[in-house]
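Contents: one structure, followed by commentary.
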Amino acid sequence: QVQLVESGGGLVQAGGSLKLSCAASGRSFNNNAMGWFRQAPGKEREFVATISMSGVSTYYADSVKGRFTISRSNAKNTVSLQMNSLKPEDTAVYYCAARRSIGVGYVTSQYDYWGQGTQVTVSS
């Protein structure tokens with residue numbers, strides 16, 4: 001079992017930055033690939049970014065590529081999402097997720113553990 005707790009959400013103006021963090025506890029974090037997803041009101045949860053167990057491989061949704069950066073610290077059991085040049089359409093609840101695999105994942109069904117989510121609101 002892996003427990004995930006997100007933090008760092010908030011209200012920011014368009015063009016601003018936020019950094020989300022996810023703290024993992026429980027079974028070995030180092031065996032899990034990690035991901036960030038988001039869900040806006042009335043929409044399905046969508047993929048944002050993923051990082052492999054080693055941290056060598058990262059992939060992003062086209063909508064955030066070049067603006068968001070995912071990283072992890074296996075020593076600290078954390079994964080982060082640096083979000084720059086934020087847009088109003090980035091407004092959503094952001095979720096951290098872990099999968100029982102070392103490889104990256106792009107869809108919700110590939111993930112086994114989820115955090116409770118943190119709200120990000122970008123004003124225009």
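If you're wondering where the values come from, they're calculated on a predicted model, not measured in any experiment. What's counted below: heavy atoms across the whole structure, side chains too, no hydrogens, waters or symmetry copies.
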Task: Distance in Å, F68 CZ paired with S17 OG, rounded so as to fall on 0.5 Å steps - done: 9.5 Å
Task: Test item: L4 and Y95 side chains (from C-beta on) under 4.5 Å apart, heavy atoms - done: no
TODO: Examine V12 and L81 and state if one hydrophobic cluster contains both, with Ile, Leu, Val, Met, Phe, Trp and Tyr joined whenever side-chain heavy atoms are less than 4.5 Å apart.
DONE: yes
- [ ] Output yes when a side-chain donor or acceptor of T91 lies under 3.5 Å from a complementary backbone atom of V122, and no otherwise.
- [x] yes
Open item on the list: Counting neighbours of CD1 on I102 that are heavy atoms of other residues, nucleotides or ligands and sit closer than 6.0 Å, is the number greater than 12?
Closed with: no
Task: Validation row: C96, W114 side chains within 4.5 angstrom (heavy atoms) - done: no
Task: Distance-minimising heavy-atom pair for A49 and Y60 - done: CB-CD2, 3.6 Å
- [ ] Indicate the atoms forming the closest heavy-atom contact of L11 with S123, along with that distance.
- [x] CD1-CB, 4.4 Å
Task: Shortest non-hydrogen contact from A24 toward V2 - done: CB-CG1, 4.3 Å
Open item on the list: A side-chain contact here means heavy atoms from C-beta on lying under 4.5 Å apart; do S63 and R38 qualify?
Closed with: yes
Task: Any E6 side-chain heavy atom under 4.5 Å of L20 side chain - done: no
- [ ] Quick one: list whatever passes salt bridge (charged side-chain N to carboxylate O under 4.0 Å, His left out) with K65, sequence neighbours left out.
- [x] D62
Task: Heavy-atom check, side chain of D90 versus side chain of R67, under 4.5 Å - done: yes
TODO: For T121 and Q119, work out which heavy atoms get closest and say how close.
DONE: OG1-NE2, 3.3 Å
- [ ] Verify, without hydrogens or angle tests, whether N32 (side chain) and R99 (backbone) share a donor-acceptor contact under 3.5 angstrom.
- [x] yes
- [ ] Just say parallel, tilted or perpendicular for the rings of Y106 and F47, cut-offs at 30° and 60°.
- [x] perpendicular
TODO: Determine whether S80 and K19 make a side-chain contact, defined as any pair of heavy atoms from C-beta on separated by less than 4.5 Å.
DONE: yes
Task: Atom OH of Y113: over 12 foreign heavy atoms under 6.0 Å - done: yes
Open item on the list: Do V104 and I51 land in one hydrophobic cluster if side-chain heavy atoms of ILVMFWY residues count as linked below 4.5 Å?
Closed with: no
Task: Gap separating the CG atom of N31 from the CZ atom of R100, nearest 0.5 angstrom - done: 11.5 Å
TODO: Drop me the distance from N74's CG to M34's CE, to the nearest 0.5 angstrom.
DONE: 9.5 Å
- [ ] For residues I70 and R72, determine if any side-chain heavy atom of one lies less than 4.5 Å from a side-chain heavy atom of the other.
- [x] no
Open item on the list: Looking at every heavy atom in both A14 and P88, which two are closest together, and how far apart are they?
Closed with: CB-CD, 4.1 Å
Open item on the list: Quick one, T50 and F37 - any side-chain contact, counting heavy atoms below 4.5 Å?
Closed with: no
- [ ] Quick one: closest heavy-atom pair of Y111 and G105, and the distance?
- [x] OH-O, 2.8 Å
